[in-house]
Structures are given as structure tokens and as C-alpha cells.
Amino acid sequence: MDEEGEDDDDEHKWWLENRWDDSVKWKTLSHAGVLFPPPYIPLPKGIRMKYDGVPVSLPPEAEEVMGFFAALLGTDYEADEVFVQNFFTDFLSILARYPPTNPVIRSFALCDFRPVFDHFQMVKDQKKALTKEDKERAKEEKAKLEEKYGWAYLDGRKEKVGNFRIEPPGLFRGRGKHPKTGMLKRRVLPEQVTLNIGKGTPIPPPPKGHKWGNIKHDQTVTWLATWNENINGSTKYVFLGATSSLKGISDLKKFEKARELKGHVHRIRKNYTRDLKDRLMAVRQRSTALYLIDQLALRAGNEKGDEEADTVGCCSLRCEHIRLEPEGNRVIFDFLGKDSIRYHNEVEVTHQVWKNLRHFLRGKSPSDDVFDQLRTASLNKHLTSLMPGLTAKVFRTFNASHTMEAQLRLLTNSAAPVSDKVLAYNRANREVAILCNHQRSVTKNHGAQMDRLGDKLKSVKYQRWRVKRKLLNVDPKLSKKRPELKEPESDLEPEWCEKHEMDLVEKEKEKLRKKFDRENEKALADGKKKLSEKELKVWFKEAEVVGKTYAKERKSGKVLAGARDTQDRLEAALAKLDERISVMKNDAIDKEENKTTALGTSKLNYIDPRITSAWCKREGVPLEKMFNKTLREKFKWAMDTEGDWEF
DNA sequence: TAAGTGGACTCAGAAAAGTTTCT
DNA sequence: CAGAAACTTTTCTGAGTCCACTT
């Protein structure tokens with residue numbers, strides 16, 4: 001808590017120092033090490049899985065693994081054959097080492113994890129029902145750990161650590177069709193963990209009875225701890241958080257590199273356009289791939305192994321992933337990219353590119369590589385020769401940021417209200433997200449949510465219509481001066497209005513009923529006489545009369561202004577409703593257009609934050625509307641950007 | 001020598017947690 | 001004002017890119 005904002009004065013403004021050589025990442029480094037997940041706590045005695053209808057007592061080691069699966073009942077994992085198969089194989093091998101006392105488990109089909117699942121569900125509910133104090137205590141407990149492990153000192157400055165928790169054991173959740181999905185990810189022991197820490201700084205003590213695997217003092221890397229994961233043999237790291245200077249510096253460098261490309265891209269395009277017709281097949285493939293990376297913001301596409309999900313990027317595209325349409329030089333891409341997200345896009349390319357692609361496909365089978373003579377390594381080597389430090393991914397950053405800036409210019413109306421500008425920004429952001437193919441799954445009640453938004457909008461329109469009519473009632477001369485006041489609201493069908501009026505009455509009645517109960521309670525407490533049901537009926541009647549009046553006024557088009565409805569007040573109310581409707585409309589449009597598009601990824605990783613910062617300054621939009629607290633922290637280095645700054 | 005490989009880092013969507021709004 | 005629902009932020013960790021090193 002007291003960390004925030006305490007050191008505004010001595011804050012390290014690294015972006016004001018021009019330190020471009022960062023081969024040495026730090027001089028001194030201290031931290032508290034890593035936090036291990038709590039040890040496994042066996043289930044209560046009576047909670048057991050069943051095998052062939054018989055409860056099975058498992059040793060804790062096996063029970064833990066069983067529990068990993070039991071927790072997933074009802075999810076898509078349960079229906080994933082590979083996931084189930086991989087889990088069960090690993091479960092069996094654990095069982096071989098830690099066998100149950102009674103039956104031998106052989107068949108997955110005979111396993112019943114339901115009792116364990118139900119138990120977990122119960123525990124979850126209990127947790128939810130915890131008292132305020134208990135929840136508060138748990139929160140404090142968490143904060144204490146974060147206080148201890150959440151900070152590192154880099155060159156004497158306090159910096160936030162990102163992921164200080166060692167990943168707990170569990171079932172590997174590979175994305176898409178990962179051949180290893182469901183396999184057991186084993187518990188990591190301190191003996192497997194290497195710490196990286198400054199020489200001469202106290203080494204954080206390992207958990208009791210354990211030793212660290214290794215201690216390093218490598219100043220050329222940024223990680224604080226590392227270990228190997230058993231599924232793919234890949235290396236895991238503990239890094240500093242996104243707000244740290246190290247991450248900030250490399251972020252700034254990334255965007256500066258992309259800006260540098262701006263000055264070269266014209267020449268590079270000319271260069272690869274020429275190469276499209278090169279005699280050498282390798283050169284033609286390279287230039288064609290580069291065209292796609294430049295125009296479509298495709299990823300480089302490294303080769304992948306058989307032990308991974310089958311996904312591709314540009315260089316690894318196979319013939320089955322593209323279809324050529326002679327009409328208008330069209331190409332249809334359909335493949336699974338990073339995270340097995342589908343890239344499905346129909347685009348028009350230049351005739352030369354189209355011809356090249358046709359040539360590359362000729363005589364090949366669907367599973368052959370389109371660019372059989374191209375690797376990401378050789379592509380990047382070529383790019384670096386065109387501009388120092390240029391690689392395929394720089395094009396994605398460049399394209400995204402450039403698109404954002406161009407779209408903002410196109411969509412922003414400086415005279416429009418802030419809410420319109422926010423919508424324009426989100427639309428520009430969305431163009432970038434679509435370009436980068438950043439997707440998300442549709443939330444399960446999206447449809448219902450849209451319906452509700454539409455309904456709310458209508459009810460405000462209904463209010464506005466009444467206010468307009470009241471205005472006309474107050475000053476009939478307005479009918480000529482402002483004919484728009486007479487116009488009906490769009491989408492307000494009589495059927496909807498009728499129902500709405502009934503709803504209004506119902507809601508009013510509910511309110512009255514509550515008021516009635518409340519007053520009676522009070523009367524009881526004060527020893528006064530209770531209100532009779534008859535009284536309530538009278539109230540209800542009044543509500544009904546109001547409802548009927550509304551209906552009548554709607555049908556006649558004549559709405560009587562009340563005693564408090566002065567012209568000034570009505571005008572003010574109208575203006576307020578106009579604003580509210582405009583905001584609601586924009587929200588609804590935004591929501592629908594965002595259904596399957598994830599804006600966050602591009603905002604976080606691809607769009608130069610200075611574009612946003614400058615735009616907000618120029619347009620008088622509060623930056624908080626576009627960047628939440630985390631983003632503002634992460635992009636501290638971009639916050640002082642002037643309004644005339646250009647990417 | 002270029003192809004393979006491990007290492008270190010960025011980028012990715014889902015899920016959990018937290019906050020705000022609605023009823 | 002409580003409890004639920006909606007919405008936002010944070011966490012989590014898997015999946016890429018790219019480089020240096022080795023053979």
C-alpha cells in the first residue's frame with residue numbers, strides 16, 4: 001500500500017538517460033527468491049474416487065494427481081481424448097509407484113471421480129461463504145507474501161517482480177491439439193531451481209530441509225530464477241514485472257526499432273518487389289514471404305516439432321493453408337497460428353505475388369511447404385542486411401503502430417464529444433487487433449447482454465420522447481422553431497412501449513410493496529398501527545393510473561408538463577438524455593464489434609503508447625479513459641509525450 | 001557451413017480475482 | 001443495502017521469436 005506513490009520524487013526516469021547498450025542488465029541485484037506452492041494436503045477421509053463402484057484409498061502422491069483430473073469434470077478437457085489418454089497414462093505410472101491398497105486400476109472407463117469433484121465444489125462454495133473477517137485475513141496473508149517476494153532491488157532501486165511463484169503441479173493444458181496435453185506437470189523442488197542474484201548479496205534461504213539447485217551471478221540476463229519444466233523440457237523463468245525499468249527499456253527499444261523501419265520500409269518494399277521476379281527460387285520465395293509479412297502482419301513462422309501442436313506462421317505455411325482465386329488475384333488463407341488461433345482471411349495481392357504463389361504450389365501435395373527454400377533464420381539474416389536489427393516481428397510492431405496512428409487520424413472528429421472520441425479510439429484499436437488476428441472466445445451470455453443493452457436504450461429513448469413532448473406542451477411555439485422535437489424516436493414500436501409501460505407499473509408496484517413493508521416494520525417497532533392491505537391497494541391503483549396516463553399520452557402525442565417541469569429544467573433534462581443515449585449507443589456498437597476481437601494484446605504489445613499519449617493530449621481526452629492504471633504504470637516512459645508527436 | 005539446439009526473452013488467451021453496477 | 005450479475009484487471013503459464021553456440 002504505502003509503496004504506491006511514495007517515491008514520486010526520486011523515481012528513476014531511465015528514459016531520460018540515453019543508455020542504449022544494455023548487454024549488461026544490472027550491477028547489483030537482490031531479491032527474496034521464489035515462493036513454492038503449498039504441499040499437498042490429502043482429502044478428508046471419506047472423500048474418495050470410485051473404481052468399478054468401489055471407493056479407492058490412494059496414497060497422497062496418487063490422490064493428488066487423481067484430484068487434478070477430478071477438478072476438470074464437466075470442462076472441455078474431460079471430452080478431449082488426448083487429454084484423457086495422457087492423463088491416464090501418467091496416472092497409471094504414479095499408481096504403479098504409489099499403489100492403492102484395494103483394487104488395481106486399469107481402465108479409465110471404470111473410474112468415477114465425481115465424489116472428489118463434488119467435494120471440491122463444496123470447498124469452493126465454503127470459501128465463497130467465508131465471513132468478511134476471514135476473507136480480509138486471507139487477503140492480508142496474500143499481501144504479506146507479495147510484500148516479501150514481490151520486490152527486487154536492481155542497482156539499488158526497488159522494482160516489482162513479475163511471477164515469483166513456482167508453478168504448481170497439475171495437468172499440462174496445451175493449447176489446440178497439443179499431443180502432450182493432459183500429461184502430469186510435476187512438482188518443482190528447490191533443488192531444481194537456479195537463482196540469479198548479485199555477487200555478495202545475501203542468498204535467500206531455501207525452504208527448510210532443501211537446497212537451491214544452483215546460484216548464479218549472471219549480469220547479462222534479466223531473470224531472477226529459472227527451472228526446467230518436465231513436459232517439453234523448456235526453461236521457465238522468474239522475471240521482473242512489466243513496470244520494471246528493464247522491461248520498459250526493451251519496450252522502448254522495440255518501438256524505436258519499429259519507428260526506424262518507417263525510414264527504410266519504402267526502400268525495402270522496392271527491394272522485395274524487384275526480387276519477386278528474381279531468377280533464383282530461394283530469392284523469389286523470400287521476397288514473396290516478405291510481402292505477406294509486410295502486408296498481412298503474419299508472424300515469421302519457425303519450424304515446429306512433432307511433439308507440439310501443428311500451427312504455422314509465414315515461413316512454415318503449407319500448400320493446404322492457401323487457396324488461389326484467379327479472379328482479382330485473390331488468396332484465401334486458412335491456417336492455425338499461434339495458440340492454435342485460426343487465421344482465415346481473403347485478400348487481394350499483386351499479380352506477381354499471385355503468380356509466384358501459384359508457381360510455389362505447382363506439383364506439390366497439400367502437406368508440402370509453400371516456401372520450401374525459406375527458413376526464418378535466412379529471412380531474418382536478409383532483413384538485418386537491409387536494416388540493422390531488422391527481423392520479421394518488427395514488421396508486425398511497425399504495421400500495428402502505423403495502422404493505429406492512421407486510423408486515429410481517419411476516425412477522430414475533433415469537434416465531437418469525448419464519448420465519440422473514445423469510440424473512435426476503440427475502433428482504431430480494433431482495426432489493429434483484426435490486423436494482428438487477436439481473437440477471443442465469445443462470452444456465453446453475449447446475446448442476452450446485447451438484448452438488455454438494446455432494451456435499456458429504448459427505455460431512455462422513451463423518456464426522451466416524453467421530455468420533448470413536455471417541452472412542446474410548455475411552449476407550443478417550439479413546434480415551428482424546432483420541428484425535430486415532434487419527430488418520433490426510432491425503434492420505439494407501440495408493442496414495445498405497451499410492454500414497457502406495464503413494466504414501469506410493475507416496478508413501481510414492487511417499490512411500493514417494499515415501502516409498505518418497511519413502514520409497517522417501523523410502525524411495529526414504534527408500537528403504531530399497521531397500514532392495511534387496503535392502503536397498499538390504493539397505492540397500486542395510483543401507479544396503474546400513472547401507467548395508463550403514459551399510454552394515453554403516448555397515443556395522443558400530447559404529454560402534459562408537471563408543475564416542476566419548467567422549460568429550463570426540461571431543456572437540461574433533454575440535453576442529459578441526448579448525451580446518455582449517445583453514450584449508450586456507442587457502448588452497444590463497441591460491444592458488438594468487440595465480440596470476438598481482443599483489444600488488449602495489441603494495446604499491451606504492439607501499439608506504441610506514445611501514439612495514445614499524444615492523441616489524448618491533442619484531443620483533450622483523459623488518458624485514463626484509454627489506459628488503465630497498469631497500462632499507465634507500464635508505459636510511464638511514454639506519459640510525457642507531446643500532442644504533436646508522431647510514430 | 002548451414003542446420004540443429006538451448007536459452008532468454010516477448011507475446012498470447014483463458015481463467016481467476018477484484019470492482020462496479022444493477023435489482 | 002445485499003446479493004447477483006456484469007465488467008475490468010490481474011494472474012497464469014503456454015506458445016511464439018530470435019540469437020548464440022555447437023557441430
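Predicted model only: the values in this text are computed from it and were never measured.
With a 6.0 Å cutoff to the six-membered ring centre and a 45° limit on the axis angle, A/Lys236 does not count as a cation-pi contact of A/Trp227.
In this structure, CG of A/Asp218 is placed 12 Å from P of B/dG7, rounded to the nearest angstrom. Distance A/Leu35 CG to C/dT11 C1': 14 Å, rounded to the nearest Å. The CG atom of A/Leu379 sits 16 Å away from the P atom of B/dA2 (whole-angstrom rounding). The CZ atom of A/Arg375 sits 19 Å away from the P atom of B/dT1 (whole-angstrom rounding). At whole-Å resolution of the value, CG in A/Asn214 and P in B/dG7 are 12 Å apart. Note: CG (A/Leu246) to C1' (B/dT10) measures 14 Å, nearest angstrom. One atom, CZ of A/Phe255, and another, P of B/dT10, lie 12 Å apart when rounded to the nearest Å. Put simply, CZ on A/Phe239 is 13 Å from P on B/dG7, counting in whole angstrom units.
Here A/Arg342 pairs with A/Asp334 in a salt bridge; the nearest charged N to carboxylate O distance falls below 4.0 Å. The existence of a salt bridge linking A/Glu141 and A/Lys144 is excluded, since no basic side-chain nitrogen approaches an acidic carboxylate oxygen closer than 4.0 Å. With salt bridges taken as basic N to acidic carboxylate O contacts below 4.0 Å, none links A/Asp369 and A/Arg318. The pair A/Glu167-A/Arg186 does not meet the salt-bridge criterion, since no charged nitrogen lies less than 4.0 angstrom from a carboxylate oxygen. A salt bridge is defined here as a Lys NZ or Arg NE, NH1 or NH2 lying under 4.0 Å from an Asp or Glu carboxylate O, and A/Lys634 with A/Asp251 meets this definition.
Across all strands, A/Ser250 comes closer than 4.0 Å only to sugar-phosphate atoms, never to a base (heavy-atom distances). A/Thr222 comes within contact range of the sugar-phosphate backbone alone, with a heavy-atom separation under 4.0 Å but no base atom that close.
Panel note: side chain A/Lys180, backbone A/Ala309; no donor-acceptor pair is recorded below 3.5 Å. Using modelled atom types, no side-chain atom of A/Glu64 and backbone atom of A/Tyr40 make a donor-acceptor pair closer than 3.5 Å. No donor-acceptor pair under 3.5 Å is formed between the side chain of A/Ser401 and the backbone N or O of A/Phe398. Distance alone, capped at 3.5 Å, is enough to place a donor-acceptor pair between the A/Glu159 side chain and the A/Ser245 backbone.
In terms of phosphate contacts, A/Ser441 brings a side-chain nitrogen or oxygen within less than 4.0 Å of OP1 or OP2 of B/dA14. Close to B/dC11, at under 4.0 Å from its OP1 or OP2, lies a side-chain N or O of A/Lys254.
Contact check of residues 601-608 of chain A against DNA chain C (heavy atom, cut-off under 4.0 Å) returns no residues at all.
Position along DNA chain B of the nearest nucleotide to A/Asn228 versus A/Lys247 favours A/Asn228 as the more 5'-ward residue.
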I need a per-nucleotide contact map over nucleotides 17-23 of chain B, read 5' to 3'. Cutoff is protein heavy atoms under 4.0 Å; write B for the base, S for backbone only, - otherwise. -S---S-

Protein-proximity profile, nucleotides 13-23 of chain C, B/S/- by nucleotide at the 4.0 Å heavy-atom cutoff, equals SBBSBBS----

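Here the straight-line distance linking atom CG of A/Leu246 with atom NZ of A/Lys25 works out to 7.0 Å at 0.5 Å rounding.
In this structure, the ring of A/Tyr343 has its center no less than 6.0 angstrom from the ring center of A/His321.
Across all strands shown, C/dC1 remains unpaired; no Watson-Crick or G-U wobble contact has both distances below 3.5 Å.
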